[in-house]
Amino acid sequence: MKTPRGFTYAGINCGIKAARKDLALVFSEAPCAAAGCFTVNAARAAPVRDAAARVPSTGLRAIVANSGSANSLVGPRGQADVLAIRAAVGAALGVDANAVLCASTGVIGVPLPAQRLIAAVPLLASTRGPAIEHAAEAVMTTDTRVKLAGRTLRVGTAEVTFAAFGKGSGMLAPELATLLAFITTDLAIAPAALQSALSRATRASFDMLNIDGAMSTNDAVLALANGLAKNTQVEEGTAEHALVGDALEELCVDLARQVAEDGEGATKAVEVRVHGAPDVEAARDLARSVAGSNLVKASIFGADPNWGRVIAALGARIGSRRWPIDPLRATVALQGVCVYTDGCPVDYDAPALRAKMRQPSVVVDVQLAEGSAGAIAWGCDLSYDYVKINADYTSLTHATVDGTVARDDRLTNYTPGFKRALLVEALSYIAKFSNKRAVVKYGGAAMVKDSLKAAFANDINLLRTAGLLPVVVHGGGPEISHTMDKLGHDKSAFVDGLRATDREDVKVVEMVLTGKINTELVSLLNQSSAHAVGVSGKDAGLLRVRRLMGEGGRDLGMVGEVIHVNHELLEVLLEKKYVPVVSPVGLGEDGEGYNINADQAASEIAIAIKAEKLIYLTDVPGILERGELITDISTSELRRKIDDGTIKGGMVIKAQSVLRAIEGGVASVHILDGRATHSVIAELFTDRGVGTLVRRD
Ligand code: ADP
Ligand code: MG
């Protein structure tokens, strides 16, 4: 990410957490104007008290932030630790201790292992560089991904850059996952002007975020502006100030949305828009109330268009504030579908709306009939995992003697009945699968999210340990399109899940599939064991293809269909218990590389190696009919659903590949949601699987 002039960043592990990064640094080579917004929680943490008293101001040079321990509610030593850290960071960077701001996030009520942190400061200072990502990683707690945002804009004749990182995923003690955001810019701006722009941006963004209604003791948003862009200093009340305010607001909304998407246990981001309110305060308050309603959140988790809960949440808040607003005159729309208006429910297509509500982002629109003020709030759904994360942390997170934080999630902590059931069920499957072969097609959304990639790699390794012999075939759709775009290739046309590809395109396809996705996946799998082997369909002539004609003889270019699988290489690898990871590139009769559909490659490989199971991981829960999951389907029914158009788009070729695999002797084929963690394990090692199972007639 592009970063502003004169800023460097660092992120390391200083030993608060066992292995993950836990200490971040932001440093400016020139003195900065600084501003900050802080939690209004009256029980503020020491670093918040310290920083809040020292901004807005000039002459600031650095921010040091740690995760793992919040330095909150620990008595006078909290402030003493802040001072010691500021002194250490100042000394390491050659700046005054007063030029350093601190922030902390993590468990509250536990003293910070300050000596450990201070001992790591020289290393932290020496690893500074232009990459902001390490710092972003070091502030994560229950966050599952880093949160970054950037903007460039023109101020006068100067080009000004903003780069920001943040964290936050829930706010419930004691696994307190505070919201922190740090904004760096090379803009020249007066401290008071920076403060007012930041306050405005925070009001429209982080203040409108409601993950779980719990307010943290450590929330802090800090901005440093070093002036190296050399624009005329921005002052309050000018056109430039408004422009900068807009940019900051956009940046903060961007980060706030990322926090909402990554809420603890969240499966969906929620956006609540309230319009037609008598004033902005009421609009903001109501938007936040709806976004924070547990019942609304739970129904969104279940993709249930329960609009009654939206109106109940509105009515409750309006009533308790004694506002003269009539909630019954509101119009409510979910995902753009009107469900309530003029005091009456509206008829809508329930299965279609339920399907829309399964999307990763759900929008609730409330139009009041009282005025013209509006506001938007962000949040997330309430899933089983939220309770699990926070319930577990209450009993299973413990501070060790040296101040580090450890998590005790051994199976022993669960109820005896649950443990017995789990082990008995799993062990019976393990015995059943020993030495059986399974092909897993890895595609869709599961390939995009880092946490899901890690869970997938983990699952494959577990399966191998349990005696199953997995073969992984990966796709690459989104990544290929993205690279094509970047290289300025024409957007390839998709025809029934097949991509029309010319000679130049096929080189990009190979580069991305074999050169990037395959090697990344192999590295990930080999992080915990060393058994994955990357194989291209060209290697040892694994996938022989012939040129495929499109519908009605349409030329698709270098697109092939698999006509022969030379499975010898796979046999050798499986014999030695290696996990082959196949990049779906085919070798043509003309010796050229061909683009092939990964779904088809997976089914042909499954047939050739006589796999017991074939599993497709994709970006939907399975085969859907009018938005509902079909858990079990026969081959003839599946054929009918292709013919009658229930199955469309990318699912057509998947379904055809499923049929072909079953014809070819594969005993069971599953289509699963790759967006759910550990879905492969859940399918294989439990009685009631997940997703769609296709059976022979
Ligand atoms: P992958 O990357 O897993 O190959 P595709 O986009 O090629 O994903 O195929 C899955 C897509 O097929 C789904 O995201 C969905 O949009 C589409 N699809 C069409 N009809 C159905 C259906 N009846 N059930 C499920 N998905 C369907
Ligand atoms: Mg596909």
Side-chain angles (χ1 to χ4, degrees), residues 303 335 351-352 354-361 439-449 452-453 456 472-482 491-501 509 512-513 517-518 521 548 556 559-562 582-586 595-606 614-635 637-661 669-676 679-680 683 690-694:
Q335 297 294 63
R354 263 202 286 278
K356 281 192 175 178
M357 290 188 63
R358 285 208 184 79
Q359 283 162 12
S361 172
V439 174
V440 183
K441 150 77 197 302
Y442 181 54
M447 296 185 64
V448 187
K449 200 172 162 181
L452 290 176
K453 275 194 227 172
F456 173 76
V472 177
V473 180
H474 61 80
E479 185 92 45
I480 293 172
S481 308
H482 184 68
K491 262 223 163 58
S492 325
F494 264 96
V495 186
D496 293 336
L498 290 167
R499 180 197 301 272
T501 313
V509 169
V512 174
L513 285 174
I517 297 177
N518 192 272
L521 196 53
L548 192 68
L556 295 170
V559 176
E561 80 181 310
V562 178
V582 181
S583 159
V585 178
N595 186 8
I596 51 180
N597 178 279
D599 297 337
Q600 199 219 350
S603 83
E604 294 301 333
I605 289 172
L614 170 60
I615 297 169
Y616 289 99
L617 281 182
T618 183
D619 60 356
V620 280
I623 294 175
L624 306 174
E625 176 155 32
R626 308 208 327 129
E628 292 298 321
L629 175 70
I630 303 176
T631 53
D632 197 301
I633 189 170
S634 69
T635 44
E637 278 174 86
L638 182 60
R639 220 168 262 124
R640 250 199 311 284
K641 299 221 184 301
I642 300 176
D643 293 340
D644 71 14
T646 306
I647 291 173
K648 297 185 285 284
M651 194 51 77
V652 173
I653 198 146
K654 224 179 283 298
Q656 285 164 343
S657 306
V658 169
L659 291 172
R660 166 87 186 107
V669 185
H670 309 258
I671 299 171
L672 309 181
D673 198 338
R675 298 169 304 177
S679 47
V680 179
E683 177 64 48
V690 292
T692 304
L693 167 69
V694 187

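Atoms within each ligand, like the ligands themselves, are counted from 1 in listed order.
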Quick one: does [X]'s side chain have a donor or acceptor within less than 3.5 Å of a partner on [Y]'s backbone?
| X | Y | result |
| --- | --- | --- |
| Gln335 | Lys356 | yes |
| Thr646 | Glu625 | no |
| Tyr442 | Val472 | no |
| Thr692 | Ile630 | yes |
| Arg358 | Gly627 | yes |

Consider ligand 1: state whether an atom of it lies below 4.0 angstrom from any non-hydrogen atom of Lys641.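 No heavy atom of Lys641 comes that close to ligand 1.
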
Ligand 1 contacted by Gly622 (non-hydrogen, < 4.0 Å):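 Flag set, Gly622 near ligand 1.
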
Heavy-atom distances under 4.0 Å are what count here, so tell me which part of Val620 touches ligand 1: side chain, backbone, both or neither.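 Contact part for Val620 vs ligand 1: side chain (C-beta onward).
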
Please could you name the atoms of ligand 1 that [X] approaches to less than 4.0 Å, counting only its heavy atoms?
| X | value |
| --- | --- |
| Ile647 | 20 (N), 23 (N) |
| Asp619 | 10 (C), 13 (C), 14 (O) |
| Lys654 | 1 (P), 3 (O), 4 (O), 8 (O), 9 (O) |
| Thr646 | 20 (N), 22 (C), 23 (N) |

Counting heavy atoms only, name the option from Gly650, Gly645, Gly649, Gly475 that's nearest to atom 7 (O) of ligand 1.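 Checking each option, the heavy atom nearest atom 7 (O) of ligand 1 is found in Gly650.
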
May I ask which of Thr618, Ile671, Leu624, Thr692 has a heavy atom nearer to atom 24 (N) of ligand 1 than the others do?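 Closest candidate by heavy-atom distance is Leu624.
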
With the side chain counted from C-beta on, respond yes when Arg626 and Arg354 share a heavy-atom pair under 4.5 Å apart, and no when they do not.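 Side chain of Arg626 against side chain of Arg354, heavy atoms only: no contact under 4.5 Å found.
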
A side-chain contact here means heavy atoms from C-beta on lying under 4.5 Å apart; do Ser583 and Ile517 qualify?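 The answer is no; the side chains never approach within 4.5 Å.
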
